[in-house]
Amino acid sequence: MNDSSNINITLPDGSVREYPKGATGLDIALSISEGLARNVLATKVNGEVWDATRPIESDAEIKLLTWNDDEGKSTFWHSSAHLLAEALEALYPGVKFGTGPSIEKGFYYDVDLGEHSISQEDFPKIEAKMLELARQKNEYIRKPISKSDAINFFTEKGDEYKLELIDGLEDGSITLYTQGSFTDLCRGPHIPGTSFIKAAKITNVAGAYWRNNQENKMLTRIYGVTFPKQKELEEYITLIEEAKKRDHRRLGKELELFAFSEKVGQGLPLWLPKGAMLRERLESFLRKAQLRAGYLPVVTPHIGSKALYETSGHWEKYGKDSFQPIRTPDADEEYMLKPMNCPHHCEIYKTKPRSYRDLPLRLAEFGTVYRYEQSGELHGLTRVRGFTQDDAHIFCRPDQVKEEFIRVIDLVLYVFRSLGFNDYSAQISLRDPENKQKYIGKDEDWDKAEQAIIEASAERGLSTVTELGEAAFYGPKLDFMVRDALGRKWQLGTIQVDYQLPQRFNLEYVGSDNQKYRPVMIHRAPFGSMERFIAILIENTAGQFPLWLSPDQIAILPISEKYADYADEVFFQLQDTDIRGFVDHRDEKIGRKIRDAEVTKVPYMLIVGEKEAAEGRVSVRRKGEGDLGSMTIGEFAAYFQNEIKNIIATF
RNA sequence: GCCUUUGUAGCUCAGGGGUAGAGCACUUCCUUGGUAAGGAAGAGGUCAGGGGUUCAAAUCCCCUCAAAGGCUCCA
């Protein structure tokens, strides 16, 4: 044990060092190396992030946080929000402040600008001010304050939003932070000083309700991002530009995959021939794998009587936010566009008595559903009002849940692999253990299902995070996330256990003891929806789809009109081996034909001229790579099919 | 749904109270060419829609619709 003036500090590598009581993270860093000390942004003390300059008074486990730690970054950005606030106060006297947290990539501050408004043109001015203030190398100084003093301070300043925040705080836990001439109500922690901030960019400005409540006043939310090095800002900007180039809305138009029409309506995508073919190919790919995995295809109508959704509970929960019921002309009947496929599938389950021997029953449908999403929510293909789920419902016995989960995981991973998503993870969403009564279903069933999900994920080696309280009220779930080529995360497929619908539809099966039992239902969709999945696929591949999905796989480019017949002959021969594409018969030079094929992202160009026609060969050019040399038509077909075989294994 | 911004040719965009512009794409003609843009001519728009102000509106004002970025929502 240490004497009263010293404390023991445990470092992440497990080593224990002795420091004087009141040593700060910076002191500890300095004792390790000066270089480290220069980079320390904050200190994690017993799992809590502290200012690097805050004295540590007792034994602790610590970790020194730098730019390389997520928590280091978020501290850096939170401090940058204060710097932004200081700049705004200098530029717009009288501005009132809401809250200014760090976010995944940067930070924002919600402000009430009063008379002023901010637009893009003002960004450089704000950025310059921030950097000017940063160069003053001001320290972030932490100061605990009593509630009454805090109220006096912000009353005097006229910051009503801060006063509202203080109102919800407990006396004794309130701190202020000051850097330069700006003082903010803040829990912290912060980086030691503004000198760390070397590059700043205001990225966006938008409206946001005070405290995220629609009833409250709309404040101006100013988004920004900062870096400790100019170079990192440049990389960030490059990444943003790359993301813009990959935007599926832009590529969808350029590659003629889909379109929207005001006449048809908001959020209702029109699939153009190339997009439709891409989509059909994805569907048949999954259909084939599902058939092998024991799914049975079903088809159900796009509408269902209102009673169906009263039974399912959807009417009660979402009815007033849905497309409203359709009335029949004569009888007093109401039908609804289907927002989910599961009620229909439950009715299919009920078409005959089921025995425990029939289970699991796996019903699959590419089912198109309609949901009236808020207009401000619509976004390209990722959020639409009419979309097709690669849906299936597995009706099984409680003891089969785990096995079925494993099978679905295998199917989902097969889909990811075949489509080039190699960086994926999953989230297990379980009940809130504190609040079990808000969930439907028997306690023991939940336990069993949650256990089944956890075990199935572990058995398949999924990298998972577990979130308590994130389960749906009707059952726990497993959601898949993929990281795309730019490092962005997307939520894709989902597997959900459902105890509610079997109960609401009174589904039963006869057990081996001739008693009636209730099946468990599992909803699952590896793609999620065709629309959303294709959007993500477009962004991940930048429109350069895997060969087997590419709308046009080859472009045959005759050198001149003289070889048009030979070009057609090549085309027909290749078409016989299921290779699709076109012959570019335009009256253009070869350079132009190549350029156009490159721009429209055709994977293979086959150039045919005098030499090729004479020898029965093609000159092969791969998009983005260039000339691969000459092959016979048969050689090319084999080469081509081999490439596809290597991407897409059979399930 | 709310806030802010935007809407001009198929696409990308300039212009802006006084007869609508460019590049690309498209059509026709010339050119018959060897690995990322050959040449010429032509056609194409009720300036998102509706209303108002004005001698005159694509331009200014109002409303509607749609899009973008946020916020709230998401079976």
Side-chain angles (χ1 to χ4, degrees), chain A residues 103 108 110 113 117-121 203-223 244 247 249-250 253-254 256 259-267 309 312-319 321-322 338-343 369-380 382-385 389 391 472-475 477 491 494 496 498 500-501 523 525 532 555 557-564 586-600 602 605-612 619-630:
Chain A
I103 50 177
Y108 65 78
D110 282 347
L113 291 162
S117 68
I118 286 183
S119 70
Q120 291 247 327
E121 290 88 72
T203 50
N204 202 357
V205 55
Y209 303 108
W210 166 236
R211 308 199 111 177
N212 287 340
N213 185 335
Q214 262 189 75
E215 308 298 310
N216 289 340
K217 187 172 174 181
M218 178 78 67
L219 302 180
T220 305
R221 177 167 296 180
I222 302 174
Y223 287 85
K244 234 184 231 165
D247 190 315
R249 292 165 302 182
R250 174 196 176 119
K253 197 185 267 182
E254 277 177 19
E256 298 181 359
F260 290 89
S261 142
E262 278 189 31
K263 272 260 168 61
V264 173
Q266 271 189 298
Y309 302 104
S312 73
H314 291 118
W315 169 252
E316 192 193 352
K317 206 161 161 52
Y318 300 102
D321 301 318
S322 297
K338 78 172 163 189
M340 294 278 281
N341 299 302
C342 28
V369 296
Y370 299 89
R371 298 179 186 175
Y372 186 77
E373 304 288 358
Q374 291 186 16
S375 64
E377 241 356 278
L378 302 172
H379 179 93
T382 58
R383 197 78 188 272
V384 287
R385 284 178 172 168
Q389 295 177 313
D391 212 357
F473 71 94
Y474 51 79
K477 60 179 180 175
Q491 207 221 296
T494 179
Q496 306 188 3
D498 189 340
Q500 192 208 201
L501 279 184
H523 308 251
R532 190 179 152 76
L557 313 180
I559 294 284
S560 87
E561 215 174 289
K562 290 188 220 155
Y563 316 107
R586 289 175 310 164
D587 215 1
E588 293 290 348
K589 293 213 219 176
I590 195 65
R592 177 51 180 273
K593 293 183 183 178
I594 289 171
R595 184 188 142 79
D596 288 347
E598 289 273 349
V599 168
T600 51
V602 180
M605 285 150 267
L606 303 182
I607 294 150
V608 296
E610 188 178 357
K611 232 175 6 188
E612 289 77 11
S619 176
V620 181
R621 185 189 160 99
R622 169 98 217 195
K623 185 202 171 315
E625 288 171 29
D627 199 351
L628 298 184
S630 150

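Chain letters run A, B, ... following the sequence lines, proteins first, then strands; residues in each count from 1.
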In whole Å, measure the gap between the P atoms of C24(B) and C55(B) for me.
43 Å

For E612(A), answer base if it contacts any base atom (sugar-phosphate contacts may also be present), sugar-phosphate if it contacts only those atoms, and nothing otherwise; contact means non-hydrogen atoms under 4.0 Å.
base

Pairing residues for Y223(A) by the ring pair (Phe, Tyr, Trp, His ring centres under 6.0 Å) criterion, not counting sequence neighbours
Y108(A)

For R249(A), answer base if it contacts any base atom (sugar-phosphate contacts may also be present), sugar-phosphate if it contacts only those atoms, and nothing otherwise; contact means non-hydrogen atoms under 4.0 Å.
sugar-phosphate

Touch check for E561(A), heavy atoms < 4.0 angstrom, all strands: base, sugar-phosphate only, or nothing?
base

Could you check whether S312(A) gets within reach of a base, just the sugar-phosphate, or nothing at all, counting any heavy atom under 4.0 Å?
nothing

Looking only at atom C1', what distance separates C11(B) and C26(B), rounded to whole Å?
12 Å

Could you tell me which residues satisfy ring pair (Phe, Tyr, Trp, His ring centres under 6.0 Å) with W315(A), sequence neighbours excluded, listed by chain and number?
none

Mind listing the N/O atom pairs, protein and nucleotides 1-10 of chain B, below 3.5 Å?
{"residue": "G1(B)", "atom": "OP2", "partner": "S375(A)", "partner atom": "OG", "Å": "2.6"}
{"residue": "G1(B)", "atom": "N7", "partner": "Q374(A)", "partner atom": "OE1", "Å": "3.3"}
{"residue": "G1(B)", "atom": "N7", "partner": "G376(A)", "partner atom": "N", "Å": "3.3"}
{"residue": "G1(B)", "atom": "N2", "partner": "Y209(A)", "partner atom": "OH", "Å": "3.3"}
{"residue": "C2(B)", "atom": "O4'", "partner": "Y209(A)", "partner atom": "OH", "Å": "3.4"}
{"residue": "C2(B)", "atom": "O2'", "partner": "Y209(A)", "partner atom": "OH", "Å": "3.1"}
{"residue": "C2(B)", "atom": "O2", "partner": "Y209(A)", "partner atom": "OH", "Å": "3.0"}

Between the protein and nucleotides 36-46 of chain B, which nitrogen or oxygen pairs are less than 3.5 angstrom apart?
{"residue": "A36(B)", "atom": "N7", "partner": "R621(A)", "partner atom": "NH2", "Å": "3.3"}
{"residue": "A36(B)", "atom": "N6", "partner": "E598(A)", "partner atom": "OE1", "Å": "2.9"}
{"residue": "A37(B)", "atom": "N7", "partner": "R595(A)", "partner atom": "NH1", "Å": "3.4"}
{"residue": "A37(B)", "atom": "N6", "partner": "R595(A)", "partner atom": "NH2", "Å": "2.8"}
{"residue": "A37(B)", "atom": "N1", "partner": "R595(A)", "partner atom": "NH2", "Å": "2.9"}
{"residue": "G38(B)", "atom": "OP1", "partner": "E588(A)", "partner atom": "OE1", "Å": "3.4"}
{"residue": "G38(B)", "atom": "OP1", "partner": "R592(A)", "partner atom": "NH1", "Å": "3.1"}
{"residue": "G38(B)", "atom": "N7", "partner": "E588(A)", "partner atom": "OE1", "Å": "3.3"}

With sequence neighbours excluded, what pairs up with D110(A) under the salt bridge (charged side-chain N to carboxylate O under 4.0 Å, His left out) test?
R221(A)

When all nucleic acid strands are considered with a 4.0 Å heavy-atom cut-off, which category describes Y223(A): base, sugar-phosphate, or nothing?
sugar-phosphate

Range-with-range stems of RNA chain B (Watson-Crick or G-U pairs under 3.5 Å, three or more in a row)
B:1-7 with B:65-71, B:10-13 with B:21-24, B:26-30 with B:38-42, B:48-52 with B:60-64

Any base atoms under 4.0 Å from T220(A), or only sugar-phosphate, or nothing? Heavy atoms, all strands.
nothing

